[in-house]
Amino acid sequence: MIRHIFIGTFKDGIGKDIKNKVLVDLRAMKEKIPGVVALEANFGTGWVGSENSVVMTVDFAAKTDFDIYMTHPYHTNHVAKQGAEFLSGYVAAQFEL
C-alpha cells in the first residue's frame, strides 16, 4: 500500500468559495481516477502549521496506481491547474504502509 500526502497553502486573498471548490474537486479524484483506494481531504486546522491550507491523503494498492493518478487528465489538467492558480506552494510525500 502506498500513501500520498499533500499539503497546499492557499494564496492570500483566496476566498471561501474558491477554497470550497478546490476541496470538492480534490475529493472527486476518488471517483474520477482509477486505483484510488481511499482519499481524505479537508482544510488544515492550524493547530500546528498554517490554517490557510488544504490537506489530503490518498492511498493506493500499488505504485502503478500512484503513477496512473499522477498522470491522469483530471489530476494534471484540472486539479494541478487549480493548485497553480490558487496555492502559493505545497508539500507532497509518499510512503509505503
Side-chain angles (χ1 to χ4, degrees):
M1 182 82 63
I2 307 294
R3 177 158 292 161
H4 171 62
I5 302 169
F6 173 89
I7 303 171
T9 302
F10 287 103
K11 292 177 181 176
D12 290 339
I14 298 296
K16 189 175 182 175
D17 289 345
I18 296 291
K19 289 178 181 180
N20 285 329
K21 179 171 180 7
V22 168
L23 184 61
V24 165
D25 290 347
L26 287 174
R27 290 176 174 167
M29 289 193 292
K30 183 170 188 324
E31 303 304 321
K32 294 186 178 287
I33 301 177
V36 174
V37 173
L39 185 149
E40 297 291 333
N42 215 329
F43 300 118
T45 62
W47 297 335
V48 175
S50 173
E51 67 183 50
N52 195 30
S53 63
V54 63
V55 181
M56 178 178 69
T57 61
V58 189
D59 293 341
F60 306 93
K63 170 76 165 56
T64 53
D65 296 320
F66 172 74
D67 294 338
I68 291 168
Y69 162 85
M70 288 302 293
T71 60
H72 191 278
Y74 184 77
H75 183 251
T76 60
N77 296 334
H78 184 69
V79 174
K81 285 185 179 181
Q82 282 185 332
E85 185 173 356
F86 303 126
L87 301 179
S88 62
Y90 70 91
V91 174
Q94 303 76 42
F95 63 92
E96 293 187 74
L97 298 172

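In this chain, numbering begins with 1 at the start of the sequence shown.
By the side chain to side chain contact (heavy atoms under 4.5 Å, CB included) test, Pro34 is found to be paired with Ile68, His72, residues two or more places apart in sequence or in another chain being considered. In terms of the side-chain hydrogen bond (donor to acceptor under 3.5 Å, both in side chains) criterion, residue partners of Lys19 (sequence neighbours excluded) are, by chain and number, Asn52. Evaluation of the side-chain hydrogen bond (donor to acceptor under 3.5 Å, both in side chains) rule for His4 yields Gln94 as partners, not counting sequence neighbours.
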(request) Start with the C-alpha gap between Leu97 and Ile2, add the side-chain angles, then the distance that decides, and say whether side chain to side chain contact (heavy atoms under 4.5 Å, CB included) holds. (result) CA-CA 6 Å; Leu97 298 172; Ile2 307 294; over 6 Å; no
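Nearest heavy-atom pair, Val36 versus Ile33, reported as atom, atom and distance to 0.1 Å: CG2-O, 3.6 Å. Scanning all heavy atoms of the two residues, the minimum distance from Tyr69 to Met56 falls at OH-CE, 3.4 Å. For the residue pair Ile7 and Ser53, the shortest heavy atom distance occurs at CG2-CB, 4.3 Å.
Side-chain contact between Lys21 and Val24 is absent, with no heavy-atom pair separated by less than 4.5 Å. The shortest distance between side-chain heavy atoms of Leu26 and Val54 falls below 4.5 Å.
Applying the salt bridge (Lys or Arg N to Asp or Glu O under 4.0 Å) test to pairs two or more places apart or on separate chains, none has a residue in residues 71-80. Screening residues 79-91 for side-chain hydrogen bond (donor to acceptor under 3.5 Å, both in side chains) gives Asp25-Gln82 as the qualifying pairs, with residues at least two apart or on separate chains. Residue pairs meeting the ring pair (Phe, Tyr, Trp, His ring centres under 6.0 Å) criterion with at least one partner in residues 12-35, sequence neighbours excluded, are absent. Pairs passing the ring pair (Phe, Tyr, Trp, His ring centres under 6.0 Å) check and including a residue from residues 9-59, sequence neighbours excluded, do not occur. Residue pairs meeting the side-chain hydrogen bond (donor to acceptor under 3.5 Å, both in side chains) criterion with at least one partner in residues 59-68, sequence neighbours excluded, are Arg3-Asp59, Lys63-Asp67. Annotation: salt bridge (Lys or Arg N to Asp or Glu O under 4.0 Å) contacts involving residues 29-58, sequence neighbours excluded, are absent.
In the hydrophobic clustering of ILVMFWY residues, with side-chain heavy atoms under 4.5 Å counting as a link, Ile5 and Met1 come out together. Ile18 and Phe6 fall within a single hydrophobic cluster, where Ile, Leu, Val, Met, Phe, Trp and Tyr side chains are chained together by heavy-atom contacts under 4.5 Å. Transitive grouping of hydrophobic side chains (ILVMFWY, heavy atoms separated by less than 4.5 Å) keeps Val55 and Phe86 in distinct clusters.
To the nearest 0.5 angstrom, Met70 atom CE is 8.5 Å from Phe60 atom CZ. The CZ atom of Arg27 sits 9.0 Å away from atom CG of Leu39, with the distance rounded to the nearest 0.5 Å.
Annotation: Asn77, atom CG; neighbour count of heavy atoms from other residues, nucleotides and ligands within 6.0 Å is above 12.
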